[in-house]
Every structure is written in structure tokens, then in C-alpha cells.
There are 2 protein chains.
Amino acid sequence: MKNRLEELRKERGIKQDELAEALEVSRQTIGSLENGRYNPSIILAFKIAEFFNMSIEEIFIYRENVNHEK
Amino acid sequence: MKNRLEELRKERGIKQDELAEALEVSRQTIGSLENGRYNPSIILAFKIAEFFNMSIEEIFIYRENVNHEK
DNA sequence: ATCTTATGTAAAGCATACTTTCCATGGCGA
DNA sequence: TCGCCATGGAAAGTATGCTTTACATAAGAT
């Protein structure tokens with residue numbers, strides 16, 4: 001599963017450290033998610049979505065959408 | 001975290017067994033989710049949402065809890 | 001060149017998700 | 001009653017998420 005964590009974090013101009021603190025996880029957890037070492041729990045996914053004010057589906061890409069109709 | 005699994009499954013008139021097979025998990029996993037013994041992984045949450053043709057947010061109800069719900 | 005800051009990553013340990021196996025209970029049809 | 005059938009749930013084992021600790025590296029500033 002892919003995610004847009006690094007992209008979204010950098011858009012906000014914040015450090016892994018700061019995001020980690022906001023989400024109440026360790027910096028290593030953020031790094032691991034950004035680099036795809038593992039997937040978040042659903043609880044953490046909800047926290048991340050809440051932080052970025054987006055839906056889980058907008059941040060975590062379960063399946064590439066091969067269908068490119070508008 | 002609460003979820004609408006049992007409700008949605010019964011709406012469709014299917015058994016735990018059948019849902020489990022469709023999602024490629026065990027019947028006990030479905031039962032455990034319906035009865036709140038644990039939360040799904042984000043992968044399973046995506047599979048469930050896909051099965052019911054809904055968003056994760058429509059099926060799983062997350063609310064920030066003062067007591068740091070896990 | 002040295003120092004600092006942001007990030008990458010690994011190891012060990014604990015918590016949670018999920019499995020298989022097993023048994024219990026309530027509803028229902030014959 | 002009797003025998004299924006759908007569900008609940010425990011127990012033990014494996015896989016994965018997350019923590020703390022620790023060290024490495026690259027880039028930028030002084």
C-alpha cells in the first residue's frame with residue numbers, strides 16, 4: 001500500500017518529528033510509514049487523516065486505479 | 001472504535017462465513033470485528049469498504065477519545 | 001573542518017491483528 | 001426430542017505495528 005505522507009508533510013513544511021508528536025507516535029513510526037516499511041493501524045490512519053483534514057482514501061492508496069476515465 | 005459490520009452484513013443477508021470468505025479472512029475474525037474484540041488492519045478495512053462499496057469512514061466510526069483509545 | 005539538524009534504519013521488546021482448533025449455546029425444522 | 005446451523009468466544013501460535021535505544025549519513029551553517 002502506498003501513501004502520500006511525505007508529500008503532505010512537506011507541503012505543510014513540518015518535520016517528521018513534529019508530525020510524530022502531533023500524532024502521538026514516534027519519529028521512527030513516521031519514517032517507517034513514509035518509506036513503506038509497514039502500514040499504519042487503522043487508528044493511526046484515522047489520526048493522520050484527521051491531521052491533514054482529508055479522508056483515509058485520499059492519503060492511503062490501497063489499489064492503483066487503472067481506470068482513467070474522468 | 002465502532003463499526004457497522006454486522007448491520008451491513010445483515011442488510012446483505014449474508015453469513016459471517018460468507019463475508020469471511022469474500023474478504024479472505026477467518027469467520028472468527030469477522031465475529032471479532034462485529035463484537036468489537038479488536039480493530040481491523042487498514043488493509044482489511046480497505047477490503048471491507050470495497051466489499052460494501054463504501055468508504056472506510058462510513059463503516060468505521062473513529063472518535064478521538066480523551067482516554068487515548070487504542 | 002567541525003557542529004548541528006533532519007532523516008534512514010536496525011535490534012529487541014511489547015501490543016495487537018489474525019489464524020487454527022476447539023467447544024458452547026440458541027434457534028429452527030423434522 | 002433430536003440434529004443441524006449460525007454465531008460466540010477461548011487458547012495458543014504467528015505476523016505485524018509501534019516503542020525505545022542506538023548509530024549512520026547527508027547537508028548546511030559557522
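Order of the sequence lines fixes the chain letters, A, B, ..., with proteins taken first and strands second; residue numbering starts at 1 for each chain. Just the heavy atoms: all of them, side chains too, but no hydrogens, waters or symmetry mates, feed the values below. Remember, it's a predicted structure, so these values are computed and weren't measured experimentally.
- The distance from atom CD of B/E18 to atom P of D/dC5 is 13 Å, rounded to the nearest whole Å.
- No donor-acceptor contact under 3.5 Å links the side chain of A/R37 to the base of D/dG17.
- Between A/L33 atom CG and C/dT9 atom P the separation is 13 Å, expressed in whole Å.
- OP1 or OP2 of D/dC18 has not a single side-chain nitrogen or oxygen of A/S26 nearer than 4.0 Å.
- Rounding to whole angstrom units, CG of residue B/L23 and C1' of C/dT19 are separated by 15 Å.
- Applying the 4.0 Å criterion to OP1 and OP2 of C/dT5, one finds that A/Q16 has every side-chain N and O outside that range.
- Partner A/E34 forms a salt bridge (charged side-chain N to carboxylate O under 4.0 Å, His left out) with one of A/K15, A/R9, A/R4, A/K2 and no other, that one being A/R9.
- For the pair B/E6 CD and D/dA6 P, the interatomic distance rounds to 15 Å; values are reported in whole Å.
- Scanning all heavy atoms of the two residues, the minimum distance from B/F46 to A/M1 falls at CE1-SD, 3.7 Å.
- In this structure, A/I42 places its CD1 atom 13 Å from P of D/dG17, rounding to the nearest Å.
- The side chain of A/R9 approaches C/dT7 more closely than any other nucleotide in the set C/dT7, D/dG8, D/dC18.
- The base of D/dG9 sits with one of its N or O atoms less than 3.5 Å from a complementary donor or acceptor on the side chain of B/Q28.
- Comparing B/T29 and A/K15, the nucleotide of DNA chain C nearest to each residue sits closer to the 5' end for A/K15.
- In this model, no donor atom of one side chain and acceptor atom of the other lie less than 3.5 Å apart for B/T29 and B/S32.
- Residue whose closest nucleotide on DNA chain D sits further toward the 5' end, between B/I43 and B/I14: B/I14.
- In the hydrophobic clustering of ILVMFWY residues, with side-chain heavy atoms under 4.5 Å counting as a link, B/I56 and B/I61 come out apart.
- Remark: P of C/dT9 and CD1 of A/I30 are 15 Å apart, rounded to the nearest angstrom.
- At whole-Å resolution of the value, CD in B/E21 and P in D/dT7 are 14 Å apart.
- The side chain of B/R27 lies closest to D/dG8 when the candidates are D/dG8, C/dT19, D/dT19.
- Computed from coordinates, the A/Y38 OH to C/dT16 P distance equals 15 Å when rounded to whole Å.
- In this structure, the separation between CG on A/L33 and CD1 on A/I59 is 11.5 Å, given to the nearest 0.5 Å.
- Dashed line: the shortest gap from a side-chain N or O of B/S41 to OP1 or OP2 of C/dC18 is under 4.0 Å.
- Distance from the side chain of A/V25 is smallest for D/dC18 among the nucleotides C/dC18, D/dT7, D/dC18.
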